[in-house]
Amino acid sequence: MKMAEFDASGFQNIVLMLIGVLMMMLVSNVLTIISNPENIKIGALVTGSVYGENDESDTFIPPKFQNMRQDPIYVDVEPTRLIIYPEKKVIEERDLAFEGNEFEQFLADVEPVKSVRYVILLLRPGSAAFQRKLRKVIRDRGIDVGFEPWDTGREIIVSGSGDTTPGAPTQSSEAAEAAPAATAAEAAAPAGGEGN
Amino acid sequence: MASGPQMDLSSFTDIMTCILGVLVLIILLTGIDASQITVLVATPKEMTADDKSPVFFECRKNKLFQISIDELKKACDAKTEELRNQTKGDETEFLKQAAQTMLEVDGQKVDYTYALMGKYVLLPIPEAEGYDLGTQKEETPDKWYGSRLEKIDPKTQFICFLLRPDSYQIFQRARNLAWIKNINVACELQDERNPIMIGPGGERMYMQ
């Protein structure tokens, strides 16, 4: 029995053209992803350093002096207390008066790994006096510090905060991806060990 | 007309259709990825070994105020000249008058006595109107802030923002514009009404 014959050449042409168009779209997408250096996944980053993201983010250019060499440890500084991320360990300002307090312990743990870690203070309104003290204490230890004014009630989203793996330092993006976000003192120490 | 050898292209068509489907899937995935790129900024750290000179801006009431040391000096010098003429060389009278003098410069009250000692103690004037910074696109070099940014030399100067609690948003915008110009930025958090003190005896500011 002879089967019905049909000419598929027209269909093939359309498929070929579609493949061509799709390939161009694919290349365009891949270029968009590759050409965006901000897409590098660093171990820990707070997103949205810019306000007014609706009107500014399209044209926002990250500063050339951003710190891409050290992994941050975020400390939320409120007027009378601080919170170390991602553990959310709360330390009251009054407790800092005592020798060997938790913040000193935290700094003591960060100190050996200061080449690969730095502390970022997220400054809430009203924390002017408290943050000055903290900055001085951190500087005195020789630990690098950065700061970021952070409005009241603004959520702190630290990427990878659920990851508990002791992290590798951030010299490469691969290492950074494996690293935990903003590991605090306990995690920071083994990370430095690996890094050195 | 003689027909050539016939070739069955149905397998080829099948393969091409499969490739098409796979490509559509890949494009969907990469398209989603490309559209979700977030601008992440690795916060700059403080630079302790740099000797650039600061240019001050105060962020207050979600507005910008420039604090120009040159303007403060000029205002003080003019006041000194005025007081000298008034007191006609009488030092006691000069000091008496100086103690009661407050200057007003760019939305700030300046304590003249401290200014004579080279220290500027500035009190914000509540009713003073600052500059309302718009979006990045709007802030062209002919505008108030844009023109000041143009004058700053990134190699020798940095901007120090004195930030009040009610002005985080304008600070972020102003810093963004400074960063675009590759100007380093320092930020000194201030309480709502405390005076700003600039001069010897204070703490050093570190830019980021």
Side-chain angles (χ1 to χ4, degrees), chain A residues 8-9 11-12 15-16 18-19 22-23 25-26 28-30 32-33 36 38-40 42 45-53 55-57 59-68 70 72 118 120 123-129 131-132 135-136 139 144-152 159, chain B residues 6 9-10 12-13 16-17 19-20 23-24 26-27 29-48 59 134-137 161 163-173 175-176 178-180 182-185 187-192 194 203 206-208:
Chain A
S9 59
F11 174 65
Q12 282 166 11
V15 170
L16 276 170
L18 271 174
I19 287 176
L22 288 175
M23 284 302 285
M25 285 170 69
L26 184 64
S28 153
N29 280 348
V30 169
T32 309
I33 294 167
N36 194 323
E38 294 76 51
N39 203 29
I40 298 165
I42 306 294
L45 276 173
V46 171
T47 57
S49 288
V50 229
Y51 274 91
E53 289 180 12
D55 57 1
E56 299 281 3
S57 61
T59 44
F60 181 76
I61 301 165
K64 66 172 184 184
F65 16 79
Q66 62 179 323
N67 188 2
M68 302 293 274
Q70 288 164 298
Y118 75 126
I120 294 180
L123 311 178
R124 301 286 188 177
S127 65
Q131 62 92 22
R132 273 188 208 109
R135 273 156 79 167
K136 190 175 181 310
R139 272 188 218 127
D144 288 325
V145 61
F147 46 88
E148 182 67 44
W150 210 253
D151 235 338
T152 310
S159 63
Chain B
Q6 281 200 335
L9 289 173
S10 58
F12 177 61
T13 312
M16 281 208 298
T17 316
I19 290 170
L20 195 68
L23 274 175
V24 168
I26 293 171
I27 283 167
L29 291 174
T30 53
I32 290 166
D33 202 12
S35 65
Q36 283 183 341
I37 286 173
T38 317
V39 176
L40 302 173
V41 180
T43 308
K45 65 180 179 184
E46 279 186 343
M47 293 178 199
T48 48
C59 305
T135 59
Q136 185 187 313
K137 282 173 195 162
F161 289 104
L163 176 60
R164 304 279 181 188
D166 56 0
S167 307
Y168 276 36
Q169 285 204 338
I170 201 157
F171 160 72
Q172 297 280 359
R173 280 201 216 117
R175 182 180 63 173
N176 187 8
W179 275 349
I180 289 166
N182 279 328
I183 299 168
N184 286 101
V185 165
C187 166
E188 276 299 320
L189 212 59
Q190 302 290 318
D191 287 327
E192 206 165 338
N194 71 328
E203 279 181 36
Y206 296 98
M207 63 189 185
Q208 280 187 310

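Everything quoted here is computed from the prediction, not taken from an experiment. Chain A is the first sequence line, chain B the second, and so forth, proteins listed ahead of strands; every chain is numbered from 1.
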Margin query: Show the nearest heavy-atom pair for residues B:Met16 and A:Gln12, with the distance to one decimal.
Written below: CE-O, 3.9 Å

Note to self: Tell me which of these, A:Leu123, A:Leu16, A:Val145, has more heavy-atom pairs under 4.5 Å with chain B than the rest.
What the structure shows: A:Val145

Next item on the list: Please look at B:Val24 and chain A and tell me whether the side chain, the backbone, both or neither of the residue comes under 4.5 angstrom of a heavy atom of that chain.
Entry: both

Item checked: Heavy-atom donor-acceptor pair, A:Arg132 side chain to B:Leu189 backbone, under 3.5 Å -> yes

Notebook entry, point to check: Checking heavy atoms, do the side chain of B:Glu192, its backbone, both or neither come under 4.5 Å from chain A?
Noted result: neither

Next item on the list: Under 4.5 Å, counting heavy-atom pairs only, tell me which of A:Ser28, A:Ser127, A:Ala128, A:Gly146 racks up the most with chain B.
Entry: A:Ala128

Next item on the list: Flag the one option from A:Ile120, A:Val15, A:Ile19, A:Leu18 with the top tally of heavy-atom pairs under 4.5 Å to chain B.
Entry: A:Ile19

Next item on the list: Name the region of B:Leu163, side chain, backbone, both or neither, that has any atom closer than 4.5 Å to a heavy atom of chain A.
Entry: side chain

Notebook entry, point to check: For the residue pair B:Tyr168 and A:Pro125, what are the closest heavy atoms and their distance?
Noted result: OH-N, 3.1 Å

Notebook entry, point to check: Atom CG in A:Leu22, atom CD1 in B:Ile26: separation rounded to 0.5 Å?
Noted result: 10.0 Å

Item checked: Exercise: identify the closest heavy-atom pair between B:Tyr206 and A:Phe147 -> O-CZ, 4.3 Å

Next item on the list: Would you mind reporting whether A:Phe11 and B:Thr17 have side-chain heavy atoms less than 4.5 Å apart?
Entry: yes

